[in-house]
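All figures in this text were calculated on a predicted structure; none of them were measured in a lab.
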Amino acid sequence: MNEDKMNKNSTWLTPQSLNLPQNGEITGSIAIIEMLLALGVKTVFGYPGGAIMPFYDALYDYKDKLRHILVRHEQGAVHAAEGYSRATGEIGVCIATSGPGATNLVTGLADAMLDSVPLIAITGNVSSSLLGTDAFQETDIVGVTIPITKWNHQITSAQEVPMIFAKAFNIAKAGRPGPVLIDITKDALLSKFDWSDIDFKIKNREKYVNHFSYKDIETAAELINSAQQPLLLVGHGVLISKAKQELFTFATKTQMPVAVTLLGMSAFDVEHPLYVGMLGMHGNYAPNIQTNKADLIIAIGMRFDDRVTGMLQAYAKQAKIIHIDIDAVEIGKIVKPDVALVGCAKEVLNALMLKVNAAEHTEWLESFKSAADKEQQAVISSAITVDSGPLKMSEVVALLSEMTKDSTIVVSDVGQQQMITARYYKFKNSRNYIASGGLGTMGFGLPAGIGAKIAMPNQEVIVIAGDGGIQMTIQELGTIMQEDLDLKIIILNNSFLGMVRQWQELFFQKRYSFVHLVNPDFVKISEAYSIPALEVREREQLKTAIQTMLETPGAFLLNVLVEKEQNVFPMLAVGSAVSDIKLKRDEF
């Protein structure tokens, strides 16, 4: 695409465009708040401390303009900001003090970096005169977070605040989104400067993401029009670029089967005839085995993660590859494409639509249905229709899906319940599935659910967690109590670190090494936080309990005791080709 044409569409961030005050002396702390408001921030998640205290003092006078959510741990703040961002597509903001406060954000920043979530993390630090002296609670958080942020910067002068914040918000959202950290010294928070000294002009680079040429589009269209067995692989990038409608139009015109990654869930209606399931280690049987039969693969907004490709040497060697991604770094990093289309998924798909022909791939689609029937008989039927024995995680999630609205946002923690949720909950609307993908962060679910609920107060938000993951951030029940949030929580409790246990069963001769959990009474813990709760032990109790949870105003926790050693199948063993995915245990 022509760069000059894009320049005409570019915008600039200036003090005038942000409607900032033109005169008057203010502190660095007030400048931060004014910048947040000017940049459209309505809610922040944080935890006060010594170095960041001047900011919190200034925030006291802005309580009616900027909502602050007091979490119980800084990791809760960053995951809540992720949940807020994932539910809205906007930038989430979290705040922490120096030293341990700042380092407690690290896991969430890494999580956001891998999953392309736009965040701004604000950390306080010791006064600039003390930097490098190992002062109390001093940490070089800029140095620590260089590999796990899109950009970071340390402010040592109050006058830097407007320009740095404008630049940071621009970087976090532009192109492939990601987290940005701004560290600010205590003296910069306290010192004053005059607004009239502000003078910056930052080019908004959101319009500079398309680098594909029309020749590339024509080459890709030729491959698409000649393909007999094409397959669309859809990732998180489709949701980030708000290209769900364009994807639907493209898929229905070309009649291509559509498979999604874990974070691509909800980018395509799971009940549409072209939807063939989830890719990856615990994905559906059909899209995995058919990957190595396709003659053309179109990957959109996904990065060929190892959980999707399996053994790379045996991955789709028979297929031509078209890779569509906004980040040029991802193109060819793992799988070398025949055609690379670097740009926003929405705009690439619109360009392709003008060149591709309407098509039919009836026999190819039927082959997916045959493979899906095989999985239905071997796995799904017995996983969701159970007459006796312990409750299964899969039947709980399947029933929940039946009993909730299409608009419900489901936030899952990490582990077996995450894979079960992705497999058995029927997602139809954009952004109604939120999970930690690339980092696989246990403890993500509860605080991310808080962020999602605060972002979308009029939608039902349900957190599904395991008994292991919930205990990593269970203190955030206090945040739910203090904010009086209408957040529903389901614990699928099998008294194990379930996914690790499954691997130990399959690959370590059932040597269950330190995976059994002796759990507390989750109902009593929930009630201690003034959150009503129920425990479900019997199948006959389940539907009524879910109905009670959904109908009870405010927060509610449901602790469901499930089969201790249920495994998640299908499963692709590490080092195997995707076509070697197994349907049951005795195939290993």
Side-chain angles (χ1 to χ4, degrees), residues 76 79-80 82-88 262-263 265-266 270 384 391-436 442-467 469-470 473-474 476-477 479-481 483-493 522-523 526 529 531-536 541-562:
H79 288 326
E82 284 189 273
Y84 187 97
S85 178
R86 290 280 299 274
T88 62
L262 177 68
L263 295 188
M265 296 295 299
S266 80
V270 297
I384 62 176
L391 275 164
K392 292 182 180 290
M393 292 180 285
S394 43
E395 63 177 310
V396 177
V397 172
L399 181 58
L400 180 71
S401 182
E402 288 178 15
M403 296 177 66
T404 48
K405 301 174 183 177
D406 291 349
S407 60
T408 298
I409 296 172
V410 176
V411 184
S412 76
D413 209 275
V414 168
Q416 284 184 314
Q417 47 73 36
Q418 179 186 31
M419 297 296 105
I420 290 287
T421 300
R423 286 179 52 79
Y424 294 101
Y425 196 95
K426 296 186 181 299
F427 297 101
K428 297 180 181 179
N429 293 341
S430 294
R431 297 187 180 279
N432 66 347
Y433 179 56
I434 297 173
S436 170
M442 289 181 68
F444 170 89
L446 188 59
I450 290 171
K453 184 62 187 181
I454 287 169
M456 310 297 282
N458 297 322
Q459 286 184 233
E460 187 81 79
V461 179
I462 301 174
V463 174
I464 301 178
D467 46 315
I470 194 76
T473 49
I474 199 168
E476 298 307 328
L477 291 174
T479 306
I480 296 170
M481 175 177 65
E483 294 295 326
D484 193 23
L485 296 179
D486 182 11
L487 182 66
K488 312 304 184 187
I489 305 154
I490 297 177
I491 301 174
L492 299 180
N493 184 347
F522 290 113
V523 171
S526 184
Y529 283 102
I531 298 172
L534 284 174
E535 184 167 279
V536 176
Q541 301 172 309
L542 182 60
K543 187 171 184 177
T544 301
I546 292 175
Q547 195 67 45
T548 299
M549 177 190 75
L550 295 174
E551 292 176 352
T552 300
F556 199 97
L557 184 144
L558 203 61
N559 181 39
V560 185
L561 303 185
V562 296

Please check if the side chain of Arg431 supplies one atom and the backbone of Ile409 the other of a donor-acceptor pair under 3.5 Å.
no

Distance col, row Ile480:CD1 vs Phe556:CZ, nearest 0.5 angstrom, shows 13.5 Å

Can you check whether Ile434's main-chain N or O pairs, donor with acceptor, with Glu82's side chain at less than 3.5 Å?
no

Do any N or O atoms from the side chain of Thr544 and from the backbone of Gln541 form a donor-acceptor pair under 3.5 angstrom?
no

What orientation do Phe444 and His79 show, parallel under 30°, tilted 30 to 60°, or perpendicular over 60°?
perpendicular

If I compare all heavy atoms of Tyr433 with all of Met265, which pair ends up nearest, and what's the gap?
CD2-CB, 3.6 Å

From CG (Asp484) to CD1 (Ile531), nearest 0.5 Å
9.5 Å

Nearest-0.5 Å distance that lies between atom NZ in Lys426 and atom CG in Asn432
13.5 Å

Please test Leu399 against Glu402 for side chain to side chain contact (heavy atoms under 4.5 Å, CB included), starting from the C-alpha separation and ending with a verdict.
CA-CA 5 Å; Leu399 181 58; Glu402 288 178 15; 4.0 Å; yes

Measure from the side-chain N and O atoms of Asn493 to the backbone N and O of Leu561, and report whether any donor-acceptor pair falls under 3.5 Å.
no

Separation between OH (Tyr424) and OG (Ser394), nearest 0.5 Å, reads 5.0 Å

Give me the atom names and distance for the closest heavy-atom approach of Ala87 to Ala455.
CB-CB, 4.3 Å

Nearest heavy-atom pair of Phe522 and Leu557: which atoms, and what distance?
O-CD2, 4.3 Å

With distance as the sole test, does Ser401 use its side chain to make a donor-acceptor pair with the main-chain N or O of Val397 at under 3.5 Å?
no

Below 4.5 Å, heavy atoms only, C-beta onward: do Glu483 and Ile450 meet side chain to side chain?
no

Counting only N and O atoms by type, is there a donor-acceptor contact under 3.5 Å from the side chain of Gln459 to the main-chain atoms of Ser407?
yes

Hey, does the side chain of Lys543 reach the backbone of Leu400 with a donor-acceptor pair shorter than 3.5 angstrom?
no

Does any donor atom in the side chain of Thr404 or Tyr425 lie under 3.5 Å from an acceptor atom in the other side chain?
yes

So, does Thr473 use its side chain to make a donor-acceptor pair with the main chain of Gly443 at under 3.5 Å?
yes

Contact between Phe427 and Thr421 at the side-chain level, heavy atoms closer than 4.5 Å - yes or no?
yes

Any chance you could measure Ile470, atom CD1, to Met442, atom CE, to the nearest 0.5 Å?
10.5 Å

Is Lys453 reaching over with its side chain to a backbone N or O of Ile462, donor-acceptor style, under 3.5 angstrom?
no

Hey, are the side chains of Arg86 and Leu263 touching, using non-hydrogen atoms and a 4.5 Å cut-off?
yes

Correct closest heavy-atom pair for Leu262 and Ser436 would be CD2-O, 4.3 Å

Can you give me the closest heavy-atom contact between Gly466 and Ile491, atom names plus distance?
C-CG2, 4.0 Å

Taking all non-hydrogen atoms of both residues, which atom of Pro532 and which atom of Thr552 are closest, and how far apart?
CG-CG2, 4.3 Å

Which residue, Leu391, Asp413, Ile464, forms the side-chain contact (heavy atoms from CB on, under 4.5 Å) with Leu492?
Ile464

Measuring from Glu460:CD to Leu487:CG, what's the distance to the nearest 0.5 Å?
9.0 Å

